[in-house]
Every structure is written in C-alpha cells, then in structure tokens.
Number of protein chains: 2
Amino acid sequence: MSDSPRKHTEALGRILELVVVLSDDMTTSLAAQGLTDARAHLLWELHQRGPSTQRVLADALRVSPRNITGLVDALVATGFVTREPHPTDRRATLVSFTEHGAAVTAAMERDQHEFARILFADMPDDRFACLMEGLDDVLARLRAHGVSVETARTSPDPGSEAG
Amino acid sequence: MSDSPRKHTEALGRILELVVVLSDDMTTSLAAQGLTDARAHLLWELHQRGPSTQRVLADALRVSPRNITGLVDALVATGFVTREPHPTDRRATLVSFTEHGAAVTAAMERDQHEFARILFADMPDDRFACLMEGLDDVLARLRAHGVSVETARTSPDPGSEAG
DNA sequence: CGACATAGTGAAGGTGCATCACGATGAGCG
DNA sequence: CGCTCATCGTGATGCACCTTCACTATGTCG
C-alpha cells in the first residue's frame with residue numbers, strides 16, 4: 001500500500017512523457033509542411049467548419065480576434081487560405097482554403113489515420129480495449145477533479161514522416 | 001476488421017485530448033504561481049540537477065544558450081533563482097534556487113504526487129496495470145516508428161488547484 | 001605564448017498571444 | 001430616417017519564447 005504513490009507518480013510520468021513526445025512530433029511534422037502549431041490548428045478548424053469568418057475562428061481557437069488576423073495574414077501569405085468578402089455582412093471576411101491548403105489539410109487527416117494505425121494496428125485487442133478504458137477513466141477523473149476540459153476538439157496531425 | 005481504423009483514430013483522439021487537457025491545466029496552475037511553462041521547466045531541471053551553469057540548462061532544455069539567458073533573467077527578476085559566479089570557471093555562472101524558488105519547486109513536486117494520487121488512487125489494480133502496459137506499448141511503438149523520444153524527462157507540475 | 005574551444009550576452013528578427021482604440025458596418029428603435 | 005449600440009476586423013503596443021550571428025572574456029592545449 002505504501003508503494004502506491006510511487007507507482008502513481010510513475011504512471012503520471014509516463015503520460016507526461018507521451019504528452020511531450022506527441023507534441024514534439026506534431027510540431028516537427030507540421031514544420032515540414034511550412035506550418036506552425038497555431039496555423040495548423042486554424043486550418044484544422046477551417047476543415048471542420050468550412051469557410052468561416054475570423055470571428056468564428058477566434059471563438060473556435062479560443063484566442064483573441066486580433067490574433068486570428070495575424071494567423072490568417074500568415075496563412076494567406078503562404079498560400080494556404082484566402083480572404084474573401086462575406087456575401088451578406090460587409091464587415092466580415094470569409095476565410096477559405098486554397099487548393100494547396102485543402103490538399104495539405106487532407107494530407108494531415110490521412111497522416112493522422114496512418115499514425116493511429118501505426119500505434120495500434122498490431123496491438124492485441126484486449127490490451128487495446130484496456131488502454132482505452134484506462135484513458136477514458138483518467139479523462140473522467142480529470143473532469144471530476146474540476147479541470148477545464150472544454151479545450152476544443154482533438155488537435156491536428158501528428159503524422160511524423162508517415163506521409 | 002474494417003472498423004479498426006475508426007477505433008484507432010478514436011483512440012488517438014483520446015490521447016490527444018489528454019495532451020490538450022493536461023497541458024492546459026499545467027499552464028494554468030503554473031501561471032497561478034507567477035510562472036510560465038518555459039520558466040517552470042527550467043526550475044524543474046534545476047531541481048533535478050542542483051545548481052547548474054546556463055550551458056548545462058541549455059542542453060537539458062534543448063534550447064539555445066541565449067534563450068537560457070533570458071529565462072534566467074526573468075527568474076532572477078521574479079526572485080526564483082540567483083546567478084552566482086562559478087567557483088572554478090570564471091566564464092560560467094551558477095544558477096541556484098532562492099528560498100522562494102526552492103519552496104515553489106518543492107510545492108510543484110508535492111502537487112504532482114497529489115495529482116497522480118487523484119488520478120489513480122481509486123482505480124482498480126488490474127485496470128491500472130493494464131493502462132500502464134498500454135502506455136508503455138504506445139511509447140515503445142512511438143520509438144520504433146523513429147519518433148525522437150529524447151525530449152527530456154517528465155515535465156513539471158500539473159497540480160491544478162490541488163496545492 | 002598562440003590557436004582554438006567554450007560560457008554568456010547584445011542585437012535583431014520571427015511567431016504566438018493579449019489589450020486597447022478605432023473605423024466600418026449592421027441592426028433595433030423611436 | 002436617423003440615432004444608438006453591438007459587432008467585425010485591424011493598427012498600435014507590449015510580453016514571452018525562441019533562433020542565429022557577432023563579440024567579449026575565459027579556459028585549454030600544444
């Protein structure tokens with residue numbers, strides 16, 4: 001019983017290691033596409049919602065509208081999205097994918113699936129199920145503990161060199 | 001069999017959600033202590049290694065020496081650490097905790113243990129063991145896939161309001 | 001002593017983020 | 001219609017993190 005704390009801390013360490021590793025891999029593979037985390041996140045939301053106003057994106061990414069201006073500026077400059085006038089509201093602008101942006105985002109999605117396959121494909125079914133239950137459990141405890149779990153949907157990519 | 005891809009993607013989604021939630025919680029509780037992620041990370045390394053030169057910290061955090069200068073500047077200004085001359089190498093400076101810095105870091109460590117306890121304390125032993133094996137498995141696959149897993153030790157805190 | 005490596009920092013620049021102020025536009029109401 | 005008020009996007013400013021390059025002060029080796 002007195003050894004539990006150590007085991008628990010070790011477990012948390014394992015999870016945090018996963019956090020670091022995945023974040024790092026994500027950032028790296030994104031950079032290879034000429035993207036940063038924040039810009040990719042924007043692309044990801046745009047992918048989920050279709051052409052959106054900057055206001056909508058600001059709410060989705062939970063950042064200030066001003067910041068969206070900057071991110072969109074950069075994505076326009078690098079050819080991932082375009083800014084177009086909103087058809088009915090002349091105050092707003094609609095952000096849409098360029099062909100390139102759509103292609104890269106689609107590739108990101110494919111990479112994510114591929115990455116998931118690599119991680120779990122040859123894992124025994126029972127272990128997989130068990131891992132899932134454990135993760136759900138942890139997530140539930142997190143929520144129960146009052147941690148703010150409304151941090152938007154799943155993040156974009158982590159494709160490594162899978163693509 | 002054809003439903004596997006969906007399950008796998010969902011599993012990855014669960015993990016990524018965990019990533020986001022934990023990172024967010026970590027950042028928040030750190031901010032409450034007057035710290036940022038980067039500065040807390042430095043404090044954490046200092047805690048593991050004892051008084052260190054900036055060079056050592058730069059290698060530990062895997063950032064440029066120039067960046068360490070900035071982080072240490074900030075931590076000195078906010079009273080977490082001090083810069084002292086290296087006893088034998090007059091080029092180098094030794095970064096050490098102030099009393100306050102040591103106290104906050106110790107509290108971070110306590111919070112981490114407490115947090116681990118909250119997450120895993122009343123989890124059935126078999127499920128816990130199972131989760132651990134699953135995580136190890138994923139980490140191993142990550143490494144096998146060529147993802148760079150030398151991203152330093154476990155990160156600092158995530159204490160939420162546990163402290 | 002001279003050549004070379006190393007520790008830390010100034011300068012300059014890119015990115016992500018925030019707040020405040022402001023112009024342009026939309027929308028409700030008298 | 002015209003006034004008021006809310007909303008969209010952006011300029012200005014500022015902070016934090018991170019990088020590379022240049023440079024000084026030292027240490028080290030031959």
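Throughout, a chain's letter reflects where its sequence line sits, starting with A, and its residues are numbered from 1. As a basis for the values below, the full set of heavy atoms in this structure was taken, side chains included, without hydrogen atoms, waters or symmetry mates.
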Nearest-Å distance for atom pair [atom1]/[atom2], residues [X] and [N]:
X	N	atom1	atom2	value
A:D24	D:dC17	CG	C1'	15 Å
B:D73	D:dA16	CG	P	11 Å
A:D37	C:dG16	CG	C1'	10 Å
B:I68	C:dG8	CD1	P	10 Å
B:H86	C:dT6	NE2	C1'	12 Å
B:L57	C:dA7	CG	P	12 Å
B:L30	D:dA16	CG	P	14 Å
B:E84	C:dG8	CD	P	14 Å

| message | Just checking A:F115 against B:H8, ring centres under 6.0 Å apart? | response |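 No, too far apart.
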- Message: Heavy atoms from C-beta onward define the side chain here; which of D:dC17, C:dT9, D:dT10 lies closest to that of B:N67?
- Response: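 The closest nucleotide is D:dC17.
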If you only use heavy atoms from C-beta on, which nucleotide in D:dC8, C:dT15, C:dT19 is closest to the side chain of A:R66?
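The answer is C:dT19.
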Nearest-nucleotide wise, let me know which of B:Q54 and A:T88 is further upstream toward the 5' end of DNA chain C.
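Result: B:Q54.
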### Query
Where each residue is assigned the nucleotide of DNA chain C containing its nearest heavy atom, which of A:R90 and B:T69 is assigned the position nearer the 5′ end?
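Final value for this comparison: B:T69.
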### Query
Is a side-chain donor or acceptor of A:T105 paired with a backbone partner of A:H47 at a separation under 3.5 angstrom?
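Between the backbone of A:H47 and the side chain of A:T105 there is no qualifying donor-acceptor contact (under 3.5 Å).
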- Side chain A:T98, main chain A:F80, donor-acceptor under 3.5 Å: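 Indeed, once roles are kept as given, a pair shorter than 3.5 Å links the two residues.
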Given [N], is OP1 or OP2 found less than 4.0 Å from the side-chain N or O atoms of [X]?
X	N	value
A:S64	C:dA18	yes
A:T53	D:dC8	no
B:R91	D:dT24	no
B:R55	C:dA7	yes

Students often get this wrong, so: under 4.0 angstrom with heavy atoms, is B:D89 touching a base, only sugar-phosphate, or nothing?
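Contact class for B:D89: sugar-phosphate only.
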Next on the checklist: Over all strands shown, is A:L71 touching base, sugar-phosphate only, or nothing at heavy-atom distances under 4.0 angstrom?
Outcome noted: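 Sugar-phosphate only.
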From B:L43, B:L71, B:I68, B:V72, residue fulfilling side-chain contact (heavy atoms from CB on, under 4.5 Å) relative to B:V95: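 With B:V95 as partner, side-chain contact (heavy atoms from CB on, under 4.5 Å) holds for just one option, B:V72.
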### Query
If you round to the nearest 0.5 Å, how far is CZ of B:R39 from CG of B:L75?
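Taking CG in B:L75 and CZ in B:R39, the distance rounds to 6.5 Å.
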